[in-house]
Amino acid sequence: MASTPPHCSITATTKRYQNHPYPHNQLKDHRQTQNQNPHQRWTSNQRVSLAKPPLPPSSRNAPKPAAATTTTTTTQHPQIHPTFPSFQPPKSELVSDFPGRRSTRFVSKLHFGRPRTTMGTRHTSVAQEALQNVIEYGKDERALENVLLNFESRLSGSDDYVFLLRELGNRGDCKKAICCFEFAVKRERKKNEQGKLASAMISTLGRLGKVEMAKTVFEAALTEGYGNTVYAFSAIISAYGRSGYCNEAIKIFYSMKDYGLKPNLVTYNAVIDACGKGGVEFKRVLEIFDEMLRNGMQPDRITFNSLLAVCSKGGLWEAARSLSCEMVNRGIDQDIFTYNTLLDAVCKGGQLDMAFEIMSEMPAKNILPNVVTYSTMIDGYAKAGRLDDARNLFNEMKFLGISLDRVSYNTLLSIYAKLGRFEEAMDVCREMENSGIRKDVVTYNALLGGYGKQYKYDVVRKVFEEMKARHVSPNLLTYSTLIDVYSKGGLYREAMDVFREFKKAGLKADVVLYSALIDALCKNGLVESAVSLLDEMTKEGIRPNVVTYNSIIDAFGRPATTESVVDDAGQTSELQIESLSSSAVEKATKRLVADREDSRIIKIFGQLAAEKAGQAKNSGGQEMMCILGVFHKMHELEIKPNVVTFSAILNACSRCNSFEEASMLLEELRLFDNQVYGVAHGLLMGYRENVWEQAQSLFDEVKLMDSSTASAFYNALTDMLWHFGQKRGAQLVVLEGKRRQVWENVWSESCLDLHLMSSGAARAMVHAWLLNVRAIVFEGHEVPKLLSILTGWGKHSKVVGDSTLRRAVEALLMGMGAPFRSAKCNLGRLISTGSVVASWLRESGTLKVLVLHDDRTHQENLRFGQISNLQMLQL
DNA sequence: CGGCCTGACC
């Protein structure tokens, strides 16, 4: 009972945002005058070394700043103090092969459309001329070879050919680049020159996203005996990383030992970069970093920038700040990339105010915020719901003359699209296209998601058509957005069509797409089908995450449409798997299994589309206990439940057939997280006094979440308590939520707005509000002329046309004899004049119906109950 | 070898 797995924390949600709106510019001015050099204060107060928490324990090997020159590694690889600018890394035998690596950087810059410079290139002017000719006359392989033959005698060595193939790569012409490469390699005698060509070819292909071709070149180079260099390995690692194959990158990296190769700085940077792109856990990347240090490598700016990128993926703002401090301690210059990546990590960690402070200190360090800095901050503010701050930064950006780029327009657009403010979204689109930036796939996806969430399916269809007409290729996000949007609207036919199109496009589904599918099944109560889809995705090598599991958990106890889609297509393929082993056949078999799965998904959609209301079928108690099994599975897979999981569990409890069942479920779940489920269980059992303190710290944690996550939690908890007769407890929770401003502007003297609340929360709140009005009456104060209760029917409704809340509240008021009636013009508004309500409140029996009680109480609660009754009446 | 934007759960 006492053992609580450490991974079960409610705070393990991805969204933890603060919510302290304030005028941006005032703050900025204030802070700048208050503190001339905020950075100094930071480094002196918060000097963090990599070896200290908050970093994971595996950082133990990272050197402490002061000890950098005295670590044991220095005996093997003499190190010069990192602050010496003249520091050069120790040379291995291979360094002499390719002195310097300027040309790589050169290509990289060119690739990003930077101005062309001639610095750092080693090609001759003949190469330049050859390039022109290749572009102009090298129409096909033969013509190209002829051009090259013409130049062959005048081109000097591999440098010229490297220039040629890189330039061709930059132009996206990888065919010609390959031709050049093959032409040059054939004629080159020296292995190290051939190796140079191969590395350049691999890195060029990697940059173009042609990872398969890069692999072919790499493997050919190995067999031919010139690919066995650190440079070729680094290039292929980077190529894999770019295309998201970080496991391949890591595998290649570790295989270098077997080839007798010692990774150098660039290799380590490439593999760390690949980890960042592939979403590898920071802890694991630190192991590589530690190894790098152990091998006497001096990490540079790029190393740290790549490590920061790993942190930014996971929102690990503490680790990111430690890394930044470590850079300062090691005397490594920080650049705009460092700052932007750090800011992204801090924003994603929800520390917007800290991010703002870091941004403010940039000018003092001579690094001026650029368009990326602003986009990062603006997106951070937007996700935290701080739209005024976001807008202020936009204005500041315009004021400073920083022109918006594709990404910043998309950031701005996504804010409006999410809010359903389509007029403004269209304005952004227009402004974007007026400045010569075409809508891209990100723009379209944001629009599709936005319109879809507002149920504007006609517009969704139109936008999707426009997108294709304009030759913007839909990507995985496009398809999963559409499938999700259509499924949520019950447009299964359309969802199915999109799914078919998605398969035709040859894209591979990911965890999000599967989760959207699974959720659609769950919402229809098809738990079994959902679970089999979960198995299927796991078989395909896609790891489910907490979101996937949250959908499944939420499905338990939901009334099902006709359960289970029969699987009739796949018997034969399973037999085949066992008897065949050749890889081609295996592939074909896998394909068959996948096809079978696709047809099943299509079938499920078909069934859902054909389904009318569906017979309600609640499988009851045993099904509830399946939740425990799911929890165990999550634990096994090391998937941390979060606050959304908790809310889903509470909602499932509300669907339990009996109090005993619900309490048993919570009791069992205490094994996983005693605080979280202990509070829920305790409140349900009526152990108020003992539990309330724990509940407070739970509420403190929930306070760190974004507002919709927090309100969903309060809604779920109060619903469950209300459902099982713990109405007083429900009310305490709901008032706590109100005190902590979980629901915006819930009540004033004249109006109670329940539109963001669940029915349990709303009903508990109605009681509290009426008691408050009663207090006003009895204190002899004036009651407002008109009192109204909004239940979210109409424009405030979360779900269009859903009147569940209104009916619940109406029935509650009716039962109490409260004189509220539906307003004629607005069905979701219940109104009464103040005087009528006042006289009802003065009636002798009214107080009794207003004060709530728990079905289950315990002796020790009496004192507590009295105190909080008093507190409540003072509200 | 580097940074910012779009999708799923309550």
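These figures come from a predicted structure and were not determined experimentally. Just so you know, these numbers use all the heavy atoms, side chains as well, and skip hydrogens, waters and symmetry mates. In the text below, chain A, chain B and the rest are named by the order of the sequence lines, each starting its count at 1.
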Problem - Stretch residues 438-446 of chain A: residues that reach within less than 4.0 Å of DNA chain B through a heavy atom - result: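 Output list: A/V441, A/V442, A/N445.
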Problem - Whether A/F337 stacks on the six-membered ring of B/dG2 base, 5.5 Å and 30° limits - result: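 Base of B/dG2: stacked against A/F337.
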Problem - Axial cation check for A/F699 ring with A/K703, 6.0 Å and 45° limits - result: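 That pair does not qualify as a cation-pi contact.
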So for [X] and [N], does any side-chain atom that can act as donor or acceptor lie under 3.5 Å from a complementary atom in the base?
X	N	result
A/N545	B/dA8	yes
A/N410	B/dC5	yes
A/N269	B/dG2	no
A/D510	B/dG7	yes

Is the distance between the ring centroids of [X] and [Y] under 6.0 Å?
X	Y	value
A/F253	A/Y268	yes
A/F289	A/F304	yes
A/F218	A/F233	yes

Problem - A/K277 side, atom NZ; A/K313 side, atom NZ - distance, nearest 0.5 Å - result: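 Answer rounded to 0.5 Å: 9.0 Å.
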Rounded to whole Å, please give me the gap between [atom1] in [X] and [atom2] in [N].
X	N	atom1	atom2	value
A/L476	B/dA8	CG	P	13 Å
A/I518	B/dG7	CD1	C1'	15 Å
A/D554	B/dA8	CG	P	16 Å
A/L513	B/dT6	CG	P	18 Å
A/I367	B/dC4	CD1	P	17 Å

Once you apply a heavy-atom cut-off of 4.0 Å, does [X] come out as touching a base, just sugar-phosphate, or nothing?
X	result
A/K488	sugar-phosphate
A/T481	sugar-phosphate
A/I553	nothing
A/I483	nothing
A/S551	sugar-phosphate
A/T376	sugar-phosphate

Check this one for me: any side-chain N or O of [X] less than 4.0 Å away from OP1 or OP2 of [N]?
X	N	answer
A/R301	B/dC1	no
A/K523	B/dA8	no
A/S238	B/dC1	yes
A/K348	B/dC5	yes
A/R242	B/dG2	yes

Handout entry: Residues which pass ring-ring contact (aromatic ring centres under 6.0 Å, His included) with A/Y486, listed by chain and number, not counting sequence neighbours
Key =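 Listed in chain order: nothing, the list is empty.
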Exercise for the section: Taking ring-ring contact (aromatic ring centres under 6.0 Å, His included) as the test, write out the residues that go with A/F605, two or more places apart. Expected result: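 A/F605 satisfies ring-ring contact (aromatic ring centres under 6.0 Å, His included) with no residue once adjacent residues are dropped.
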Problem - Check: A/N340 main-chain N/O paired with A/D344 side-chain donor or acceptor under 3.5 Å - result: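 It does not hold such a pair.
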